Amino acid sequence: MLDLKRLREDPDSVRAGALKKCFPDRAAAVDRVLELDARVRELLPRIEGMRAEQKQAGKQLGKLQGAEREAHLEGQKALKADLQALEQEEKQLQLELRSQLLLVPNLPDPEVPEGEDDTANVEVRRIGEAPAFDFEPKAHDDLALARGWLDVERAADMAGSRNYLLFGDLVLLQDAVLRLAIDHLVSKGFIAVDPPLLVRDKIMEGTGFFPGGEEQTYRCPEDGLNLIGTAEVPVTSIHAGEILDEAQLPRRYVARSMCFRREAGTYGKDTKGLYRVHQFQKVEQVIVDVADEARSREHHEAITRNSEEVLEMLGLPYRVVAVAGGDLGVPQAFKYDIECWMPSREAFGETHSASRFYDYQARRLNIRYRPEGGKKPLHCHTLNNTVLASPRILIPLLEVHQQADGTVRVPEALRPYLGGREVL
RNA sequence: GGUGGGAUGGCAGAGCGGCUGAAUGCGACGGUCUUGAAAACCGUUGAUGGGUCAAACCAUCCGGGGGUUCGAAUCCCUCUCCCACCGCCA
């Protein structure tokens with residue numbers, strides 16, 4: 001969430017930010033927050049004054065005896081009743097204030113492209129060439145089906161649409177590519193994490209997915225738990241409520257996890273193949289560091305590069321785009337998507353998403369650090385990026401490296417993970 | 001699932017219902033000493049909100065929520081988590 005002080009001092013830019021992100025109703029939350037805040041600030045001094053009085057008088061009461069004590073007691077009881085009424089009102093206001101504040105989106109950075117949706121995204125760079133085939137290339141699912149690597153019909157029978165069964169070498173390939181991704185990040189000093197996949201509501205709220213993302217989430221209300229849609233959620237929350245030493249920062253984590261998404265409201269969209277599915281595996285990188293915008297920006301470039309390096313090792317052509325305001329989520333300040341070339345689509349398809357948040361998530365999760373010199377704790381900055389998500393990455397991997405006979409070339413970097421095999 | 005014990009400041013760990021925002025130790029920070037460092041010694045050191053140019057000052061916070069009381073870290077209820085043992089089971 002945003003700093004209430006900042007919102008108080010500069011509501012216009014917060015409102016403008018929400019509009020740039022195409023959240024008009026959330027821009028309205030800004031006004032609700034201001035109104036509630038004003039009422040709290042009017043009420044609070046009165047309550048504090050009364051409490052001070054109660055405290056003082058109470059201390060004297062402890063020393064009094066007899067009739068004097070009785071008289072005093074009456075006054076205290078009356079004060080208590082008045083105070084309780086005001087406190088009740090204040091509590092209500094604070095609850096409402098917080099829930100409205102949670103709705104206010106993070107401010108988009110100035111360089112976020114204007115625009116309503118992903119058609120306004122701006123290409124930053126393009127690496128690699130779309131492959132030219134001297135035969136009729138297959139789509140990944142047709143290829144996989146022909147090789148007995150994929151079955152969507154039986155998967156749908158047991159689990160509904162947008163599910164899949166993978167078999168044989170494709171399973172091994174998937175494992176290889178995920179492991180390559182982890183190893184690459186570990187070699188850069190990231191700490192490998194295996195996080196919980198079911199998390200509490202407040203963790204979903206802390207990372208900015210709730211309120212708003214409930215529809216996209218598989219929920220277990222009996223237990224108050226939710227299946228994560230990305231390891232960003234548990235990993236960013238590792239240090240929730242803590243005050244870290246500056247010397248411990250930055251924290252760099254890389255997590256491999258299963259991810260679950262309901263994909264509500266996407267009926268009929270991307271129904272073919274393995275592009276949009278309900279469960280998938282993802283290797284995700286997360287950084288928690290000091291509250292320094294310049295450093296956040298450096299980290300953002302670095303984590304984007306990390307993922308690009310993996311794509312380059314895999315021999316996949318891709319481009320990086322700066323995501324437009326209307327395509328940004330509530331908590332992000334800026335986001336790069338990496339899109340891989342997918343021959344069957346004759347287009348780039350999103351495979352990665354690198355975001356920086358500044359202190360927006362850290363404020364919600366209350367992740368702080370103590371700056372060198374023992375000064376006041378500050379809220380950290382957080383960032384994250386996909387390293388690799390499968391089965392989506394299998395789309396370009398199969399399609400780009402396919403051969404005329406239906407086999408698939410294994411990129412050199414992957415061979416050690418597949419027993420040295422050059423072709424699948 | 002059952003029973004018992006526990007949750008206090010960055011960490012460890014005390015705490016008769018009013019004199020406790022909290023002893024003590026560690027750590028951190030500042031200083032003395034030293035060529036420099038270590039050790040030793042002295043001092044400072046919780047968070048949040050309000051307030052102030054900055055202070056002073058005021059309020060709140062002892063796992064979360066609720067209650068008893070004029071007054072709660074301290075008593076009661078409840079939830080969560082941790083630890084131990086029993087039962088059950090991958």
Side-chain angles (χ1 to χ4, degrees), chain A residues 1-9 33-34 36-102 194-206 210 220-226 234 237-251 258 288-291 359 362-380:
Chain A
M1 71 192 135
L2 290 179
D3 185 0
L4 186 54
K5 273 185 211 149
R6 169 164 196 184
L7 204 152
R8 208 136 63 196
E9 283 159 14
V33 167
L34 290 175
L36 289 162
D37 180 51
R39 285 171 62 193
V40 167
R41 287 162 66 81
E42 185 259 328
L43 199 55
L44 212 52
R46 284 167 61 200
I47 291 178
E48 289 187 353
M50 284 167 79
R51 275 206 276 245
E53 189 187 334
Q54 184 188 53
K55 219 169 154 178
Q56 282 306 112
K59 276 181 187 169
Q60 287 175 23
L61 184 68
K63 297 169 191 150
L64 297 176
Q65 289 183 356
E68 211 179 356
R69 182 187 161 87
E70 290 305 315
H72 213 85
L73 235 159
E74 286 309 309
Q76 285 292 89
K77 283 185 179 174
L79 182 61
K80 182 189 177 183
D82 292 347
L83 186 55
Q84 275 183 336
L86 289 183
E87 280 176 336
Q88 200 56 39
E89 191 184 337
E90 190 229 336
K91 209 168 92 188
Q92 209 50 46
L93 286 174
Q94 295 281 20
L95 279 176
E96 222 178 310
L97 178 61
R98 182 180 160 80
S99 71
Q100 289 298 317
L101 194 54
L102 285 177
D194 183 5
L197 308 184
L198 279 163
V199 300
R200 295 181 196 286
D201 292 341
K202 70 171 181 192
I203 298 299
M204 297 298 289
E205 183 183 295
F210 290 178
C220 308
E222 307 85 347
D223 301 295
L225 295 172
N226 307 277
S237 304
I238 288 174
H239 298 292
E242 295 182 18
I243 300 176
L244 301 159
D245 289 332
E246 181 167 357
Q248 299 176 271
L249 296 172
R251 312 290 306 205
M258 210 73 222
V288 179
D289 200 3
V290 294
D359 62 0
R363 256 176 213 288
R364 286 174 168 237
L365 289 165
N366 201 21
I367 307 170
R368 291 175 292 172
Y369 72 99
R370 196 178 296 281
E372 302 284 2
K375 294 196 282 281
K376 289 266 179 205
L378 299 172
H379 289 279
C380 291

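It should be emphasised that the depicted structure is a prediction, and the values quoted were computed from it without experimental measurement. In what follows, every chain begins at residue 1, and chains take the letters A, B, ... in the order their sequences are listed. Keep in mind that the numbers below use all heavy atoms, side chains included, and drop hydrogens, waters and symmetry copies.
- Look at A:D3 and A:R363 and you find a salt bridge, because one of the NZ, NE, NH1 or NH2 atoms lies within 4.0 Å of a carboxylate O, short of that distance.
- Comparing the C1' positions of B:G18 and B:A7 gives an interatomic distance of 25 Å, to the nearest angstrom.
- A:I243 has its CD1 atom 17 Å from the P atom of B:A28, to the nearest Å.
- Between A:P196 and A:P234, the shortest heavy-atom distance links the atoms O-CG, 3.5 Å.
- Distance check on atom P: B:U8 versus B:A23 gives 16 Å, rounded to whole Å.
- With a 4.5 Å cut-off on side-chain heavy atoms, A:K80 and A:L83 do not count as touching.
- Residue A:H379 contributes atom NE2, which lies 13 Å from atom P of B:A47 at whole-angstrom precision.
- With rounding to whole Å, A:K77 atom NZ is found 9 Å from B:G71 atom P.
- Contact annotation: A:R370 reaches the phosphate of B:A47 (side-chain N/O to OP1 or OP2, under 4.0 Å).
- As judged by a 4.0 angstrom heavy-atom cut-off over every strand, A:R368 is placed among residues touching the sugar-phosphate backbone only.
- Residues A:S237 and A:I203 share a closest heavy-atom pair of OG-CG2, 3.2 Å.
- In this structure, the CD atom of A:Q94 is 16 Å from the P atom of B:U48, given to the nearest Å.
- Counting heavy atoms from C-beta on, the side chains of A:V290 and A:P250 never come closer than 4.5 Å.
- If you take NZ on A:K376 and CZ on A:R370, they are separated by 8.5 Å, rounding to the nearest 0.5 Å.
- Across B:U68 and B:A12, the matching C1' atoms stand 33 Å from one another, rounded to whole Å.
- Comparing the P positions of B:G71 and B:C61 gives an interatomic distance of 13 Å, to the nearest angstrom.
- Distance noted for atom C1' between B:G27 and B:G36: 24 Å (whole Å).
- Considering A:R251, A:H239, A:E246, A:Q248 in turn, A:E246 is the only one that fulfils the side-chain contact (heavy atoms from CB on, under 4.5 Å) rule with A:Y369.
- Annotation for A:R6: atom CZ does not count as buried by contact number, only 12 or fewer foreign heavy atoms lying within 6.0 Å.
- Each of A:R51 and A:Q54 was matched to the nucleotide of RNA chain B holding its nearest heavy atom; the match closer to the 5' end belongs to A:R51.
- Between the side chains of A:Q94 and A:E90, at least one donor N or O lies within less than 3.5 Å of an accepting N or O.
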* Quick one: the dot-bracket string of RNA chain B, using Watson-Crick and G-U wobble pairs with both distances under 3.5 Å, [ ] for crossing pairs and | for bases paired to another strand. => ((((((((.[[[..)..(.....]]]((((((.......))))))(((((......))))).[[[[[..)....]]]]])))))))....

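- The side chain of A:R200 places an N or O atom within less than 4.0 Å of a non-bridging phosphate oxygen (OP1 or OP2) of B:C81.
- Nucleotides B:C41 and B:G5 are separated by 42 Å at their P atoms, to the nearest Å.
- The closest donor-acceptor contact from the side chain of A:N226 to the backbone of A:V199 lies under 3.5 Å.
- Put simply, CZ on A:R98 is 14 Å from P on B:G49, counting in whole angstrom units.
- One can place CD of A:Q248 at 13 Å from P of B:A28, the figure rounded to the nearest angstrom.
- Atom name P, nucleotides B:G25 and B:C70: the rounded distance is 39 Å, in whole Å.
- The side-chain heavy atoms of A:D201 and A:E205, taken from C-beta on, include no pair separated by under 4.5 Å.
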Can you check nucleotides 50-52 of chain B for protein contacts, nitrogen or oxygen pairs under 3.5 Å, and list what you find?
unit_1	atom_1	unit_2	atom_2	d
B:G50	OP1	A:R8	NH2	2.6

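- Atom pair A:E87:CD and B:G71:P shows a separation of 10 Å (rounding to whole Å applied).
- Contact of the A:C220 side chain with the A:L198 side chain is registered, since non-hydrogen atoms from C-beta on lie closer than 4.5 Å.
- Rounded to an integer number of Å, the gap from A:L7 CG to B:G49 P is 15 Å.
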Check nucleotides 62-68 of chain B against the protein and report each pair of N or O atoms closer than 3.5 Å, with its distance, or say if there are none.
unit_1	atom_1	unit_2	atom_2	d
B:G66	OP1	A:K91	NZ	2.4

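- B:C26 and B:U44 have their C1' atoms separated by 16 Å, with the value rounded to a whole Å.
- Residue order along RNA chain B, read from the 5' end via each residue's closest nucleotide, puts A:D245 first among A:D245 and A:P377.
- Side-chain contact check for A:D37 versus A:L7: every heavy-atom pair is 4.5 Å or farther apart.
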